[in-house]
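In each ligand, atom 1 is the first atom listed, and ligand 1 is the first ligand listed.
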Amino acid sequence: MKLCVIGGDGIGPEVVDAALAALLVLLPQLEVHHAEAGWQTFVKQGVALPQETLERARECGAVLFGAAGSPAYKVAGYRSPIVELRRSLACYANIRPTTSPMGSARAVDLVVVRENTEDLYIGEEASDGEVATALRRISRAASRRVGEVACALAASRPRRKLTIVHKANILPLSDGLFRDSVREVAAGYAGLEVEEVLVDTAAYRLAANPAAFDVLVAPNLYGDILSDLAAAFGGGLGVAPSLSVGEGCAIAEPVHGSAPDIAGRGIANPQAALSSVALLLDRVWQQPALARRLQAALADTLASGVRTPDLGGQSTSAEFTRALCARLQASSAA
Ligand code: NAD
Ligand code: MN
């Protein structure tokens, strides 16, 4: 088994180091390759996703990605390395589960499946300084393949419910194509309950009654936004994991970004990266027992009161990781 580890910017390297430490307790024989990407890489090398990194990622087949910090203004030649990586590795579906923490009033257990390769993320913009346009592309093929992932996932869960998110009342051609393509795929799954919800209503219903949702499937941008919203029911961005899958390669990537407000202070919550690794173990490496061990050790560590500040605790990332690894070691001895 091989893993390409890309820390990236800000808290990215901090959280992937923690996740890697835990992973190596579970899989000591894992072959690890470190590679570079991100804004800092762009500043140094003039490219955010070097060819060498892409080749390493391809060769490993599995990537652990921290975060990339992207400027909010136009920088010639810069493209988000994670968007490039997802597209280059054909990781066309991003699976973003949210489960409410133990003991919370609401039993939320939902998954946002986000289309990962098109929509506004193709980054085709133009501006004359007065008027700017951004091209949004939705294709039947990309909608169908993300629909397949979402339908298969929904069919494997007890509630077997799929919510298609779109805005076809305003964008009947593009969002209508997304909706119809997913519906076509869903028709091939017996016993699936399929509903469709306009994206603004979906945001309201998520905030008002998140427990009503099972699997949601959405175009890239809506999926990005709704999954951050959903993360609030799972304990916040510090714990929200994701896995990008597609034609063989996979990327374990926390939902959060580079968190410049806390970067370098040693207090980032590594749980999102750790749970992303659990998804990789479970769904890609076919190691459900190891994934369960990791999740159990995470739950035990939290229950023992070791928490980072985002969860109201006082532990540093390193303290959390040490406590977690000690539990993992104990569970392997047992
Ligand atoms: P962010 O997710 O980085 O941070 C939002 C808030 O959540 C911040 O207050 C941050 O401190 C907190 N937070 C995030 N992760 C945390 C963790 N693990 N532990 C504790 N607190 C955590 O979003 P942002 O601030 O809007 O974006 C910062 C940068 O990250 C931007 O440049 C953006 O482009 C980039 N970004 C990258 C990715 C990615 O690489 N996948 C995703 C989102 C944003
Ligand atoms: Mn996001």
Side-chain angles (χ1 to χ4, degrees), residues 5-19 22 35-43 48-49 53 57 63-75 78-87 89 91 94-96 98 112-116 119-121 123 203 218-232 234-244 251-277 298 302 306-321 324:
V5 177
I6 304 172
D9 300 307
I11 64 167
E14 305 173 27
V15 298
V16 299
D17 282 356
E36 265 195 82
W39 174 249
Q40 289 306 325
T41 306
F42 179 79
V43 170
L49 180 68
T53 297
V63 177
L64 170 59
F65 187 91
S70 297
Y73 49 89
K74 178 80 184 162
V75 175
Y78 182 85
R79 292 178 72 90
S80 163
I82 184 63
V83 173
E84 287 288 297
L85 193 62
R86 290 167 184 153
R87 196 170 26 207
L89 298 181
C91 288
N94 186 213
I95 298 170
R96 302 186 150 190
T98 295
V112 175
V113 179
R114 168 186 176 188
E115 199 289 320
N116 234 1
D119 193 347
L120 286 168
Y121 287 74
N220 208 335
L221 183 63
Y222 305 155
D224 185 17
I225 297 168
L226 293 180
S227 56
D228 269 41
L229 174 55
L237 284 171
V239 307
S242 94
L243 181 73
S244 287
I251 310 170
E253 41 166 319
V255 167
H256 65 71
S258 58
D261 53 338
I262 59 163
R265 291 169 52 195
I267 55 165
N269 192 343
Q271 249 185 282
L274 282 156
S275 297
S276 303
V277 162
L298 269 169
L302 289 168
V306 180
R307 287 157 192 260
T308 44
D310 57 306
L311 296 184
Q314 282 162 356
S315 306
T316 63
S317 321
E319 284 162 356
F320 182 89
T321 307
L324 176 78

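Checked by atom type, the side-chain pair Glu14/Ser317 shows no donor-acceptor distance below 3.5 Å. In summary, the side chains of Asn94 and Arg86 do not present any donor paired with an acceptor at a separation below 3.5 Å, with no hydrogens or angles considered.
For atom 8 (C) of ligand 1, a protein non-hydrogen atom is found at a distance below 4.0 Å. Distance check for atom 24 (P) of ligand 1: every protein heavy atom is found at 4.0 Å or beyond. Counting only heavy atoms, the protein gets under 4.0 Å from atom 32 (O) of ligand 1.
Judged as a salt bridge (Lys or Arg N to Asp or Glu O under 4.0 Å), and not counting sequence neighbours, Arg265 has no contacts.
Residue-to-ligand polar distances place Asp261 within reach of ligand 1: an N/O pair is separated by less than 3.5 Å. The distance criterion of under 3.5 Å between nitrogen or oxygen atoms is met by Gly257 with respect to ligand 1. Note: no N/O pair closer than 3.5 Å links Val255 and ligand 1 by distance alone.
Gly223 and Val112 get closest at one heavy-atom pair: O-CG1, 3.9 Å. Minimum heavy-atom separation, Pro13 to Gly8: CG-O, 3.4 Å.
Under the 4.5 Å side-chain criterion, counting only non-hydrogen atoms from C-beta, Leu298 is in contact with Phe320. Considering only heavy atoms from C-beta on, Leu64 comes within 4.5 Å of Val277 through its side chain.
By the criterion of a heavy-atom distance under 4.0 Å, the side chain of Ile262, and not its backbone, is placed next to ligand 1. Contact annotation for Ile11 and ligand 1: only side-chain heavy atoms (C-beta onward) come within less than 4.0 Å of the ligand. Looking at Ala272 against ligand 1, nothing comes within 4.0 Å, counting heavy atoms.
Rounding to the nearest 0.5 Å places OG1 of Thr321 at 10.0 Å from CD of Glu319. In this structure, CH2 on Trp39 lies 12.0 Å from OG on Ser80, to the nearest 0.5 angstrom.
Taking every heavy atom of Ala68 and a limit of under 4.0 angstrom, the matching atoms of ligand 1 come to 30 (O), 35 (C), 36 (N), 37 (C), 39 (C), 40 (O). Residue Gly69 approaches ligand 1 through these ligand atoms, each under 4.0 Å from one of its heavy atoms: 32 (O). Less than 4.0 angstrom separates some heavy atom of Leu237 from each of these atoms of ligand 1: 2 (O), 5 (C), 7 (O). Near Asp310, the atoms of ligand 1 lying under 4.0 angstrom from a non-hydrogen atom of the residue are 20 (C). Within the listing of ligand 1, atoms 3 (O), 10 (C), 11 (O), 14 (C) sit less than 4.0 angstrom from a heavy atom of Ala259. Interface atoms of ligand 1 facing Pro260, defined by a heavy-atom separation under 4.0 Å, are 28 (C).
When only non-hydrogen protein atoms are considered, atom 18 (N) of ligand 1 lies nearest to Asn269 O, 2.9 Å. Annotation: atom 14 (C) of ligand 1 to nearest protein heavy atom, His256 CB, 3.6 Å.
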Legend entry - CA sep, side-chain torsions, deciding dist, call: Glu253, Ser276, side chain to side chain donor-acceptor pair (under 3.5 Å): CA-CA 6 Å; Glu253 41 166 319; Ser276 303; over 6 Å; no

Inset, instruction - Determine, step by step, whether Thr308 and Asn269 satisfy the side chain to side chain donor-acceptor pair (under 3.5 Å) criterion, reporting the C-alpha distance in whole Å, the side-chain angles of both residues, the deciding distance to 0.1 Å, and the verdict. - result: CA-CA 6 Å; Thr308 44; Asn269 192 343; 3.3 Å; yes

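Here Arg96 pairs with Asp224 in a salt bridge; the nearest charged N to carboxylate O distance falls below 4.0 Å.
Taking only non-hydrogen atoms, the option from Ser70, Gly38, Pro71, Ser258 nearest to atom 30 (O) of ligand 1 is Ser258.
Protein N/O/S atoms nearer than 2.8 Å to the Mn ion (ligand 2) total 1.
Between the side chain of Asp228 and the backbone N or O of Leu237, no donor-acceptor pair lies under 3.5 Å. The backbone N or O of Ser258 sits nowhere less than 3.5 Å from a side-chain atom of Asp9 that would complete a donor-acceptor pair.
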